[in-house]
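The model shown is predicted, which means the values in this text are computed figures rather than measured ones.
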Amino acid sequence: MAELTQNPKVQAKAALELIKTPWAVIVAILIAVAVLDPGNWGEVVVFAGKALAHTGQYILFAVLLLSYLRATGAEVMVARAFEGRETRMIFLAALFGGLAPFCSCEVIPFIAGLLALGAPLSAVMAFWLSSPLIDPPTLLITAGALGWPFAIGKAVAAVALGLFGGFVVRALMRGGAFAEPLRVYKPAGCCGCGPKQDDKPVWKFWQEPERRTRFRAEFVQNGMFLLKWLALAYVLEALLVSYVPADLIARVVGGEGVVPIVIAALVGMPAYLNSYVAPPLLAGLTEQGMSAGAAMSFMIAGAVSSIPAMAAVWSLVKPRVFATYLGLGITGAIISGIVFQMI
């Protein structure tokens with residue numbers, strides 16, 4: 001009897017989880033277009049399919065690269081960024097933040113351990129600000145959607161934002177701020193995807209059965225993750241191109257001034273799109289009149305305000321550090337947009 005009464009609840013929960021997936025959203029959108037505008041349904045599907053096929057080569061390479069980094073245990077290289085003098089730590093943390101192959105839940109215990117062991121908040125802030133902005137898969141997907149100049153510009157902006165935040169926090173700490181930045185941290189459940197930390201990466205991972213298994217698992221998991229989010233992104237881009245007037249985009253975030261860049265940053269913070277969805281949508285917006293500087297500002301502000309990134313900051317540090325994180329993020333987004341627009 002207990003099983004019979006629990007089964008409907010389990011089934012309802014499973015159905016709810018399915019409804020929340022990107023695949024369900026894609027199906028719902030396509031059904032809505034077929035019902036409300038059947039004449040445009042084919043164009044939406046063809047547009048999204050062609051865009052996804054074009055990005056497929058980047059997805060494949062990105063998944064292979066990320067799976068390799070995770071199978072080798074390359075995460076241990078990031079910890080070395082937090083050894084040595086503070087200035088050196090800030091530079092290395094900002095650089096490694098853009099290369100770290102951590103999933104969002106792994107960042108939390110990693111950073112908590114560093115802070116608990118006495119790593120300076122300045123270096124941790126540099127890592128935190130640059131980490132959500134770029135990683136190898138994001139770089140390739142951004143290049144596929146927006147071109148290599150934009151992708152390289154975003155990577156440079158990620159490191160620059162990390163340095164900016166790190167040195168600002170160092171200056172504030174020398175003035176007496178953030179004496180006790182860390183909350184009492186209690187590790188919560190994670191995704192269980194973290195490997196055991198060895199002393200150094202094992203680059204020839206295929207020589208160990210356990211690491212080969214990890215590579216295959218990472219390849220499937222990351223491949224499906226990227227595929228579903230990019231499919232949703234391109235369907236949304238198709239809707240954007242089909243139904244949002246280009247002159248409206250141009251009026252709000254078009255032009256060459258500073259105002260569209262500031263507006264894009266302010267809109268990008270609450271309207272977060274993850275780093276896999278944002279490039280295709282921004283490609284559509286730029287084609288409709290969004291300036292390059294505004295696109296850069298929107299993407300950086302949105303990445304800093306991502307749910308995993310903010311949750312990690314909020315769960316570990318006190319509110320004043322959290323507020324500083326957001327302030328540095330949006331300021332850096334605006335500056336990055338202005339500089340990229342000038343270049």
* To do: Evaluate the side chain to side chain contact (heavy atoms under 4.5 Å, CB included) criterion for residues F298 and I261: first the C-alpha distance (whole Å), next the side-chain angles of each, then the deciding distance (0.1 Å), finally the verdict.
  => CA-CA 8 Å; F298 181 95; I261 295 174; over 6 Å; no
* Start with the C-alpha gap between T138 and K154, add the side-chain angles, then the distance that decides, and say whether side chain to side chain contact (heavy atoms under 4.5 Å, CB included) holds. => CA-CA 10 Å; T138 302; K154 184 187 176 187; 3.4 Å; yes
* Could you tell me whether the side chain of R211 and the main chain of A71 form a donor-acceptor pair under 3.5 Å? => yes
* To do: Would you check if the side chain of E218 reaches a backbone N or O of S67 as a donor-acceptor pair within less than 3.5 Å?
  => no
* E208 and R212 ion-paired at < 4.0 Å -> no
State, yes or no, whether a side-chain contact exists between [X] and [Y] at a heavy-atom distance under 4.5 Å.
X	Y	answer
F150	M299	yes
F91	F167	yes
F127	L92	no
V46	W41	no
V159	S130	no
I300	F340	no
T331	V168	no
V25	V235	no

If every non-hydrogen atom of [X] is compared with every non-hydrogen atom of [Y], which pair is closest and at what distance?
X	Y	result
A151	L139	O-CD1, 3.5 Å
Q341	G293	OE1-N, 2.6 Å
M290	A264	CE-CB, 4.2 Å
F164	G332	CE2-N, 4.4 Å
A93	A123	CB-O, 3.3 Å
P260	A294	O-CB, 3.8 Å

What's the separation between atom [atom1] in [X] and atom [atom2] in [Y], rounded to the nearest 0.5 Å?
X	Y	atom1	atom2	value
L60	L227	CG	CG	11.5 Å
L163	L95	CG	CG	9.0 Å
L328	I335	CG	CD1	9.5 Å
S297	I330	OG	CD1	7.5 Å
E43	D37	CD	CG	9.0 Å
T324	K318	OG1	NZ	13.5 Å

Any link between [X] and [Y] through a network of hydrophobic side chains (Ile, Leu, Val, Met, Phe, Trp, Tyr) touching at under 4.5 Å?
X	Y	value
L232	W23	yes
L133	V339	no
L239	I31	no
V35	V27	yes
L266	V259	yes

* **Pair F215 + Y68: ring centers closer than 6.0 Å** => no
* To do: Could you check whether the rings of W128 and Y325 sit parallel, tilted or perpendicular, using 30° and 60° as the cut-offs?
  => perpendicular
* To do: Kindly indicate, with the supporting measurements, whether the criterion side chain to side chain contact (heavy atoms under 4.5 Å, CB included) is fulfilled by F205 and R214.
  => CA-CA 9 Å; F205 74 90; R214 179 172 176 77; over 6 Å; no
* Please lay out, stage by stage, how L236 and I29 fare under the test side chain to side chain contact (heavy atoms under 4.5 Å, CB included). => CA-CA 9 Å; L236 293 175; I29 290 173; 3.7 Å; yes
* Structure fact -> E86 meets the side chain to side chain contact (heavy atoms under 4.5 Å, CB included) criterion, sequence neighbours left out, with M89, I90, P120, S122, R170
